[in-house]
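Take a look at the structure below.
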Number of protein chains: 2
Amino acid sequence: MTTITARERLLNAAVEAFAEKGFAGTTTRDIASRAGMSPAAVYVHHDSKESLLFSVSLDGHRRALEVITSAAASSTDPVNRLRVMVYEFSLWHADNSRVGRIVQYEYHALTDEHRAEVATYRRDIEKAMQDALADGVDQGVLDVVDVPGTAFSLLSLGVDLVRWFEPGGSRSGHELASLHADLAVRMTRLR
Amino acid sequence: MTTITARERLLNAAVEAFAEKGFAGTTTRDIASRAGMSPAAVYVHHDSKESLLFSVSLDGHRRALEVITSAAASSTDPVNRLRVMVYEFSLWHADNSRVGRIVQYEYHALTDEHRAEVATYRRDIEKAMQDALADGVDQGVLDVVDVPGTAFSLLSLGVDLVRWFEPGGSRSGHELASLHADLAVRMTRLR
DNA sequence: ACGCGCACTAAGCGCTTGCTTAGCATGCAA
DNA sequence: TTGCATGCTAAGCAAGCGCTTAGTGCGCGT
């Protein structure tokens, strides 16, 4: 069995609260009570409300980068690789829509130092998608006029899921991720 | 010349503040000082902080719907109509990224009644895009397997601009809107 | 000259905020 | 049995919150 520490319970509570009400709209008392603890307990395990946000955001950025990096390594065929990358990136955002919402929408609430640190993961994610497109163009398989812009657009499909996606809704994450992957191929394949 | 009333100055100040700090992160004192007035002046012209948000959000939704509706009426050719709709919708979100951010990200901060009112505009926007795709399929010009999902994805391209777009950045709104329009046609055109 | 209404402000009320302080129960080593 | 570290809480502090109240200055019709 995996034991959940008090520190992790507070992090989970913070994810729920931040995703539901936003960082500024969440009180430390709310986080504490979701974790079944007193307001002061938050400060036994975490330095501040912002450091709770940073922990959640940093972990979320790392996991998103890991998803797209391993997808990029999954295939050598540019079309198939792109399909897998878009599928996995969108699926991750659907399956982790609460963390994703914090990653995407509470970025500005981080301190300057913390924002700069997670920004490196964002650049790596964009670079992975750009590299996949550029490689496909080099191999004469993809037709992409604007590589950075198209990379951004492909990532937007996944990112925008966190704005409205709820698990248990009428469409599954797999269904949406498959759609995005198909659209991505149509957008970029050379005819 | 157009005269700007105190009420409008407060609305403009609220747009700036909400877009920059979010609804919960903005104080009524901040709005007042951006408008060059005392904190109490807010309540001379508006009922509450939330009614300020509702005014901004409602107007933003109306303008976005107007943009996509008139784009839909601009052409009878399904491919060209889709191109114009996606172009205009994305361009509006780039040119109005601050209002767009409030429309998209502060939706949950509205009261239940206000959110329900604004939701009708969202449904109309989605329906306009779905109708344009369905009509193209009916005319045998477009190939769209999942009409609602694809409509959502096309709107996502524009909506996601508000997350990061800043006027005066390295890419113009026109440039990005053109890219989105091209991608939209590639995504949906029958080959 | 005067009175009235309107746009606005100074001051502050009751409450909530992030966070701190002081202390208490438990478990464990000696 | 004692001593102490650990993990937590009760209570509360200073600051800031949305919003109200009571009033002030000014423009305008008469």
Side-chain angles (χ1 to χ4, degrees), chain A residues 1-58 102 105-115, chain B residues 1-58 102 105-115:
Chain A
M1 88 174 218
T2 49
T3 53
I4 284 198
T5 64
R7 181 170 201 280
E8 288 165 333
R9 266 163 58 216
L10 285 162
L11 282 170
N12 290 339
V15 168
E16 272 185 46
F18 292 160
E20 192 179 312
K21 308 180 166 185
F23 177 73
T26 296
T27 68
T28 56
R29 284 163 177 80
D30 184 15
I31 294 168
S33 77
R34 284 179 200 250
M37 304 171 97
S38 78
V42 171
Y43 296 91
V44 173
H45 300 283
H46 300 277
D47 288 344
S48 65
K49 184 173 120 170
E50 193 273 343
S51 88
L52 228 13
L53 173 65
F54 177 56
S55 296
V56 171
S57 184
L58 182 62
I102 296 163
Y105 298 160
E106 304 303 338
Y107 181 64
H108 72 280
L110 293 165
T111 63
D112 290 347
E113 289 77 12
H114 289 163
R115 201 179 321 107
Chain B
M1 88 169 214
T2 48
T3 53
I4 283 199
T5 64
R7 188 187 140 84
E8 287 165 333
R9 265 164 56 219
L10 285 162
L11 282 170
N12 290 339
V15 167
E16 271 185 48
F18 292 159
E20 193 178 311
K21 308 179 167 189
F23 176 74
T26 296
T27 67
T28 56
R29 284 163 177 81
D30 185 16
I31 295 169
S33 77
R34 283 178 200 250
M37 305 172 95
S38 77
V42 172
Y43 296 90
V44 173
H45 300 283
H46 299 277
D47 287 344
S48 66
K49 185 173 119 169
E50 193 274 342
S51 88
L52 228 13
L53 173 65
F54 177 57
S55 296
V56 171
S57 184
L58 181 63
I102 296 164
Y105 299 160
E106 304 302 339
Y107 181 63
H108 73 279
L110 294 165
T111 62
D112 290 347
E113 289 77 13
H114 288 163
R115 200 179 320 108

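Residue numbers start from 1 in every chain, and the chains themselves are labelled A, B, ... in the order their sequence lines are given, proteins ahead of strands.
- The backbone N or O of Arg34(A) sits nowhere less than 3.5 Å from a side-chain atom of Glu16(A) that would complete a donor-acceptor pair.
- When the P atom of dT20(D) is taken as reference, atom NE2 of His46(B) falls 15 Å away, rounded to whole Å.
- Comparing Arg9(B) and Arg29(B), the nucleotide of DNA chain C nearest to each residue sits closer to the 5' end for Arg9(B).
- Comparing dC8(C), dC8(D), dT9(C) by their closest approach to the side chain of Ala6(B) singles out dC8(C).
- Summary of the strand contacts: Met37(B) and Ala24(A) both lie near DNA chain C, and taking for each the nucleotide with the nearest heavy atom, the more 5' one is attributed to Met37(B).
- Within the nucleic acid shown, Thr5(B) has no heavy atom closer than 4.0 Å to any nucleic acid atom.
- Of all non-hydrogen atoms in Val15(B) and Ile102(B), the two that sit nearest each other are O-CD1, 3.5 Å.
- Distances shown here put every side-chain N or O of Ser38(A) at or beyond 4.0 Å from the OP1 or OP2 atom of dA10(D).
- Among dT17(C), dT20(C), dG18(D), the nucleotide with an atom closest to any side-chain atom of Thr27(A) is dT17(C).
- The two residues Ala109(B) and Leu53(B) have their closest heavy-atom pair at CB-CD2, 3.8 Å.
- The aromatic rings of Phe54(B) and His114(B) lie parallel to each other, their planes meeting at an angle below 30°, with 60° marking the opposite boundary.
- Listed candidates were dC19(D), dT9(D), dG18(C). Nearest to the side chain of Lys49(B) is dC19(D).
- Atom CG in Asp30(B) sits about 9 Å away from atom P in dC17(D), given to the nearest Å.
- In this structure, the CG atom of Leu10(B) is 8 Å from the P atom of dC8(C), given to the nearest Å.
- Applying the 4.0 Å criterion to OP1 and OP2 of dC8(C), one finds that His45(B) has a side-chain N or O inside that range.
- Whole-Å rounding puts the Tyr43(B) OH to dC19(D) P distance at 4 Å.
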